Amino acid sequence: MKLETQKMIHQDKEVKNTKSKPKPSCCCSHDEPVHSENGGHDHGGHDHEHNTEGGLFKLFMPSIISLVLLIIGIGFDNYYPQNWFTGYIRIAWYIIAYLPVGIPVLKEAYESIVKGDVFSEFFLMCIATIGAFAIGQYPEGVAVMLFYTIGETFQGMAVNRAKSSIKSLLDQRPDEVTILENNVAVKVKAKDVKIGAIIQLKAGEKLGLDGELLSDSASFNTAALTGESKPDTKKKGETVLAGMINGNTIAEVKVTTAYNDSKLSKILELVQNATTKKAPAELFIRKFAKIYTPIVVYLAIAICLVPMLFVDNYVFSDWLYRALVFLVISCPCALVISIPLGYFGGIGAASKNGILFKGSNFLDSISTIQNVVVDKTGTMTEGVFKVQEVIIKTEFDKEEILKIVNALESRSTHPVATAIHNHVGPIDSSVELKDIEEIAGHGLKASFNGKELHVGNFKLLDKYSIPFDIDPSAIVYTTIAIAYDGKFAGYLTIADEIKEDAKETVSKLKSLGVKLTMLSGDKTNVVQFVADKLGITKSFGDLLPEDKVNKVNEIKAKNETVAFVGDGVNDAPVIALSTVGIAMGGLGSDATIETADIVIQDDKPSKIPMAINIGKQTKKIVWQNIILAFAVKAFVLILGAGGLATMWEAVFADVGVALLAILNAVRIQRMKF
């Protein structure tokens with residue numbers, strides 16, 4: 001089953017429409033994913049078979065045949081004796097019952113041995129069942145292989161269920177789009193569309209690339225990207241993303257991002273790579289299984305042969321039976337499958353809610369977070385600014401100042417720049433700026449008509465020793481200072497709205513026992529004003545990127561774990577430094593999303609405590625499975641070695657425990673966070 005799990009997890013988006021090759025339902029192995037001829041991963045198993053009753057029947061057909069023959073055979077043996085059901089006929093009957101479920105496992109065992117992996121779960125099952133036949137325990141030999149195969153089939157179904165929410169993401173990007181060429185609609189491959197092309201999107205169609213809406217307005221279903229089912233109405237000029245589904249009107253979109261650079265492409269890449277970063281428990285189990293399985297085989301040999309030296313009435317067949325029981329019990333399927341499945345289920349549950357974990361190791365990390373440090377703008381506030389006041393000194397031409405400020409801010413992607421642009425209007429093409437420079441954490445500077453222009457916070461003016469005659473701390477709103485020709489020219493005030501779920505986020509984080517701190521490059525009084533509204537007791541403003549790094553280092557110096565949540569380019573260094581970095585994926589910069597360990601697709605801060613809860617529940621389920629598997633196996637192994645357990649107890653210790661662990665692992669898919 002392990003092979004099937006790994007292959008399913010690493011399914012490539014390029015084979016989403018390709019039928020998988022039929023494989024045996026039993027697939028425990030330590031092999032890595034294998035690339036198929038079509039360039040993707042041959043993910044094996046029953047990827048497309050679980051959606052119909054016919055598919056399920058076909059999936060269980062080998063097990064059904066074996067079960068019917070086994071029940072009839074047991075009936076003839078114990079309840080309805082038949083004179084003809086003896087000798088070779090009886091042996092042949094049980095061999096026929098064995099073959100439908102045994103052949104795939106025998107084949108996999110052979111292939112594993114050829115690849116150098118002798119001590120696989122297949123090998124254990126083959127030795128145990130063939131050995132049972134060798135000592136005349138035919139019904140038990142068939143039963144062990146039958147229930148093992150049923151367990152493996154259910155495991156395959158569980159994996160398929162766990163990956164369904166992720167698979168829906170992989171299916172979101174259309175291969176073709178309709179573009180307008182000389183007002184004629186032409187279908188082309190999405191990956192061939194150039195930036196600047198106009199896409200015509202009909203009602204119900206998925207957008208293939210990121211772009212700017214040219215139509216006056218359009219309603220989009222963004223569930224695939226954000227987990228939100230509520231339609232999102234976009235207006236002309238607003239950004240729309242690949243994977244969004246158009247509502248009930250035809251919309252036109254101007255492509256602004258290449259196919260491979262779209263938000264959805266990055267999301268798909270994150271999802272596909274998520275399982276390559278293993279949690280410590282997964283890494284431990286993988287190493288453990290490679291050491292554990294051969295040890296068990298040698299112990300089974302010892303159980304069979306060593307008593308010959310010490311037991312007077314030694315009977316080879318009795319001790320061989322004990323050794324075979326020991327082998328069946330010791331099969332590590334429950335651990336090998338349920339633990340990766342638990343983490344994979346956690347990643348799936350998170351992605352269904354618009355949270356992308358870049359690896360199962362981050363599910364573990366987020367579950368132990370003691371501190372959450374949040375940026376203000378774009379994280380706890382909307383990041384959508386509006387100019388409130390424009391105060392320009394009388395000795396300056398207000399219109400000219402705003403014109404050149406607008407031209408300079410057009411070089412920035414910061415939400416403040418957008419607010420200024422929306423307030424002032426189109427950029428005057430006659431404005432020629434020179435020596436444009438961005439001063440991190442301060443603002444922008446340039447030269448216009450031979451005179452220097454500075455636009456940013458008041459620290460920018462302090463940096464260049466430009467005096468000003470107002471007290472910035474007395475202004476509650478975000479303030480943009482302007483200096484021209486070495487003189488203070490005035491300022492703009494800009495307001496940002498607190499996100500509707502920000503207060504709920506603070507409350508939930510406190511209930512989880514997490515300490516919360518807010519950091520911002522914005523003015524201290526503005527940051528304090530927002531913090532007070534939200535109930536955050538620790539907040540710091542007027543911070544440069546390096547100041548944020550220092551604040552996080554102060555927390556880490558106390559040997560406490562910290563998650564930093566941000567969205568801007570300046571947040572990338574501190575996100576990289578944190579125990580867990582979380583990026584707001586909607587407004588977030590590409591650098592921040594790339595650096596982060598977790599991406600919140602819809603920019604809702606309430607997803608922060610949700611991510612912590614998912615991590616905690618995933619870890620809890622994984623450890624429940626580890627304890628259950630070890631406890632039951634240890635108990636029944638002792639019974640088996642002492643001759644007190646039969647093959648039937650062995651089947652429970654292996655398949656029964658595996659099924660219980662799997663049922664426990666898939667619970668996370670049904671949980672509400």
Side-chain angles (χ1 to χ4, degrees), residues 24-26 28 60-110 120-154 296-297 300-301 303-305 307 314-331 333 636-637 639-659:
S25 58
C26 188
C28 283
F60 282 98
M61 178 59 77
S63 299
I64 292 170
I65 293 170
S66 289
L67 179 62
V68 170
L69 292 174
L70 175 62
I71 291 172
I72 294 172
I74 292 173
F76 288 160
D77 277 339
N78 301 288
Y79 303 104
Y80 307 101
Q82 304 290 321
N83 293 331
W84 57 268
F85 195 69
T86 57
Y88 290 113
I89 293 176
R90 181 172 179 265
I91 295 172
W93 184 280
Y94 283 115
I95 288 175
I96 293 170
Y98 179 86
L99 291 178
V101 291
I103 287 176
V105 182
L106 291 167
K107 181 183 175 185
E108 292 287 354
Y110 171 75
S120 65
E121 293 90 339
F122 306 117
F123 183 65
L124 295 186
M125 287 297 109
C126 290
I127 292 176
T129 55
I130 292 172
F133 268 79
I135 60 175
Q137 301 294 334
Y138 311 124
E140 292 182 352
V142 175
V144 168
M145 189 62 78
L146 170 63
F147 291 115
Y148 176 73
T149 300
I150 291 174
E152 295 300 291
T153 304
F154 276 113
V296 162
V297 172
I301 294 171
I303 289 170
C304 179
L305 300 179
Y314 174 82
V315 179
F316 175 77
S317 61
D318 290 347
W319 287 97
L320 176 59
Y321 183 75
R322 293 186 188 188
L324 297 175
V325 169
F326 184 86
L327 276 181
V328 175
I329 297 167
S330 65
C331 185
C333 281
V636 184
L637 274 173
L639 294 180
L644 301 175
T646 68
M647 282 285 188
W648 301 104
E649 284 86 1
V651 167
F652 171 74
D654 177 40
V655 178
V657 171
L659 286 175

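In this text, all values refer to a predicted model and were calculated from it rather than measured experimentally. Residue numbers start at 1 and run along the sequence shown.
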Any idea how Y98 and F133 line up, ring-wise: parallel (<30°), tilted (30 to 60°), or perpendicular (>60°)? perpendicular
Minimum heavy-atom distance [X]-[Y], with the two atoms named:
X: I65; Y: P100; value: CG2-CG, 4.0 Å
X: L99; Y: P104; value: O-CD, 4.2 Å
X: D77; Y: P139; value: OD2-CG, 4.0 Å
X: V105; Y: M145; value: CG2-SD, 3.6 Å

Ring of W93, cation from R90 - is the NZ or CZ under 6.0 Å from the centre and inside 45° of the axis? no
Are there over 12 heavy-atom neighbours, none belonging to Y110, within less than 6.0 Å of that residue's OH? no
When you compare the side chain of [Y] with that of [X], does any pair of heavy atoms fall below 4.5 Å?
X: I135; Y: L324; result: yes
X: C304; Y: F316; result: yes
X: P62; Y: T149; result: no

In Å and rounded to the nearest 0.5 Å, what is the [atom1] to [atom2] distance from [X] to [Y]?
X: I74; Y: L69; atom1: CD1; atom2: CG; result: 11.5 Å
X: I64; Y: L146; atom1: CD1; atom2: CG; result: 10.5 Å
X: T129; Y: Q137; atom1: OG1; atom2: CD; result: 13.0 Å
X: I127; Y: I301; atom1: CD1; atom2: CD1; result: 7.5 Å
X: I72; Y: F85; atom1: CD1; atom2: CZ; result: 9.0 Å
X: L320; Y: L305; atom1: CG; atom2: CG; result: 9.0 Å

Looking at G73, is its backbone amide N or carbonyl O close enough to the side chain of Y94 to form a donor-acceptor pair, meaning the two atoms are under 3.5 Å apart? yes
Mind running ring-ring contact (aromatic ring centres under 6.0 Å, His included) on F76 and W84 for me, showing each step along the way? CA-CA 10 Å; F76 288 160; W84 57 268; 5.3 Å; yes
